[in-house]
Protein chains: 2
Amino acid sequence: MRKSVSRHTRQKDVMLQGLRECEGFVSAQDLHRRLSDEGLNIGLATVYRQLRSLEEVGSVDTIRLNGQQMFRICEDNGHHHHLICERCGRTVEIEPPDEQWLRHIASDHGFTMTSHTLEVFGLCPDCQRRDDADHAGADTQVQTAAQAGAQTVA
Amino acid sequence: MRKSVSRHTRQKDVMLQGLRECEGFVSAQDLHRRLSDEGLNIGLATVYRQLRSLEEVGSVDTIRLNGQQMFRICEDNGHHHHLICERCGRTVEIEPPDEQWLRHIASDHGFTMTSHTLEVFGLCPDCQRRDDADHAGADTQVQTAAQAGAQTVA
DNA sequence: TTACCTGCAAACGCTTTGCATCATA
DNA sequence: TATGATGCAAAGCGTTTGCAGGTAA
């Protein structure tokens with residue numbers, strides 16, 4: 001069993017560049033489209049493969065939103081959580097909750113904690129403003145895509 | 001615009017019964033298979049449709065695990081979170097984190113919080129024991145399905 | 001020259017939908 | 001009897017994979 005060495009390719013650069021240009025989380029498909037629009041040709045499969053390996057190494061962190069996996073570059077390592085705008089995907093990192101507390105809760109039930117997720121969804125200042133403007137005109141349809149999405153709990 | 005009235009059907013009963021028999025979260029497919037095995041015929045599409053409407057009403061809560069949506073009956077309303085065994089899906093409800101704190105964090109960044117997720121993954125006592133037994137034999141492959149799954153952050 | 005990486009397209013798994021039929025109220 | 005619910009199969013969607021050709025080292 002030989003250890004394979006990762007090679008440097010144009011596509012990898014393109015990927016990182018694309019990720020860095022994003023403010024918040026992007027889906028694989030969006031990232032691919034965005035790169036294609038810039039004329040930086042790269043296969044969709046490659047985007048997925050690259051994102052997966054970046055995830056494994058911990059260079060991107062991911063969440064699930066609207067049935068898709070969303071990715072965000074993350075140069076620093078270490079565990080953190082996000083405050084996410086459910087409209088535009090803009091992201092702010094927030095401090096982790098008290099992990100000791102979580103671990104404690106787990107062991108109270110005989111569980112050994114291995115991991116946890118915490119995501120806070122909301123509207124960023126800009127989208128809020130835009131939202132208010134919209135409401136001034138027509139004010140039906142309160143439900144947003146993200147709220148309709150799976151994993152979020154009110 | 002007339003309000004449509006929900007009808008009582010055999011399938012709905014079967015669904016609820018099936019859900020009640022589950023200790024933790026089940027996927028739609030598993031639930032369907034489980035019911036079929038019991039001879040309670042019900043279409044897969046119906047299972048999905050039913051789960052969706054139960055979710056809308058708040059009678060089930062859901063999480064995402066391994067790329068599937070998992071469902072769990074939840075007779076009480078009110079927001080809560082879960083401690084989930086990543087091996088067998090067994091679930092324990094835990095108290096919500098300090099929501100005021102989350103809301104505060106959000107507004108610190110100009111966000112309006114609309115929702116949040118918190119899931120704690122681990123091994124339940126039983127699976128832990130089973131795991132130890134396995135390790136006594138072969139002790140390779142540490143990675144579990146759930147750890148490899150998307151939304152979990154180490 | 002080796003073997004990792006890429007692109008394409010086909011395959012996949014979960015979920016949703018169109019439509020004809022069934023059955024509740 | 002009217003119309004919401006169901007079942008089937010097909011379609012949809014995001015994601016993964018097989019494979020032949022490309023390319024870094």
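Proteins get letters first, then strands, A, B, ... in listed order; numbering begins at 1 in each.
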### Task
Measure distances between side-chain N and O atoms of A/Arg10 and base N and O atoms of D/dG22, and say whether any donor-acceptor pair falls under 3.5 Å.
no

### Query
Would A/Arg72 and A/Glu93 pass as an ion pair if we require N to O under 4.0 Å?
yes

### Task
Could you tell me whether the side chain of B/Leu54 reaches within less than 4.5 Å of the side chain of B/Leu19, counting heavy atoms only?
yes

### Query
What about B/Arg49, does its side chain sit under 3.5 Å from the base of D/dG7 through a donor-acceptor pair?
yes

### Query
What nucleic acid atoms does A/Arg52 come within less than 4.0 Å of, heavy atoms only: base, sugar-phosphate, or nothing?
sugar-phosphate

### Message
Less than 4.0 angstrom from a charged side-chain N to a carboxylate O is my criterion; do A/Arg34 and A/Asp37 meet it?
### Response
no

### Message
Within the structure provided, determine whether B/Gln17 and B/Arg20 are in side-chain contact (heavy-atom separation under 4.5 Å).
### Response
no

### Task
Name every residue in residues 41-48 of chain A that has at least one heavy atom under 4.0 Å from any atom of DNA chain C, in order of residue number, or write none if there are no such residues.
A/Asn41, A/Ile42, A/Gly43, A/Ala45, A/Thr46

### Pairwise 5' ranking along DNA chain C for B/Ser6 and B/Gln68, keeping only the more 5' one
B/Gln68

### Summary
Ordered by number, residues from residues 19-35 of chain A within less than 4.0 Å of DNA chain C (heavy atoms) are none

### Message
Please determine whether a side-chain nitrogen of the Lys or Arg among A/Asp30 and A/Arg33 lies less than 4.0 Å from a carboxylate oxygen of the Asp or Glu.
### Response
yes

### Query
Can a side chain N or O of A/Gln11 be found less than 4.0 Å away from OP1 or OP2 on C/dG7?
yes

### Step-by-step side chain to side chain contact (heavy atoms under 4.5 Å, CB included) determination, A/Leu65 to A/Phe121
CA-CA 10 Å; A/Leu65 196 56; A/Phe121 296 95; 3.6 Å; yes

### Query
According to the interplanar angle, ranging from 0 to 90°, do the rings of A/Phe25 and A/His82 count as parallel (below 30°), tilted (30 to 60°) or perpendicular (above 60°)?
perpendicular

### Query
Would you say a side-chain N or O of A/Gln50 is under 4.0 Å from OP1 or OP2 of C/dT6?
yes

### Query
Are the ring centres of A/His81 and A/His116 closer than 6.0 Å?
yes

### Task
Say whether A/Val14 and A/Val60 are linked into one hydrophobic cluster, either directly or through other cluster members, by side-chain heavy-atom distances under 4.5 angstrom.
yes

### Summary
Rounding to the nearest 10°, end axes of the helix from C/dT1-D/dA25 to C/dA25-D/dT1 built from five pairs each make an angle of 30°

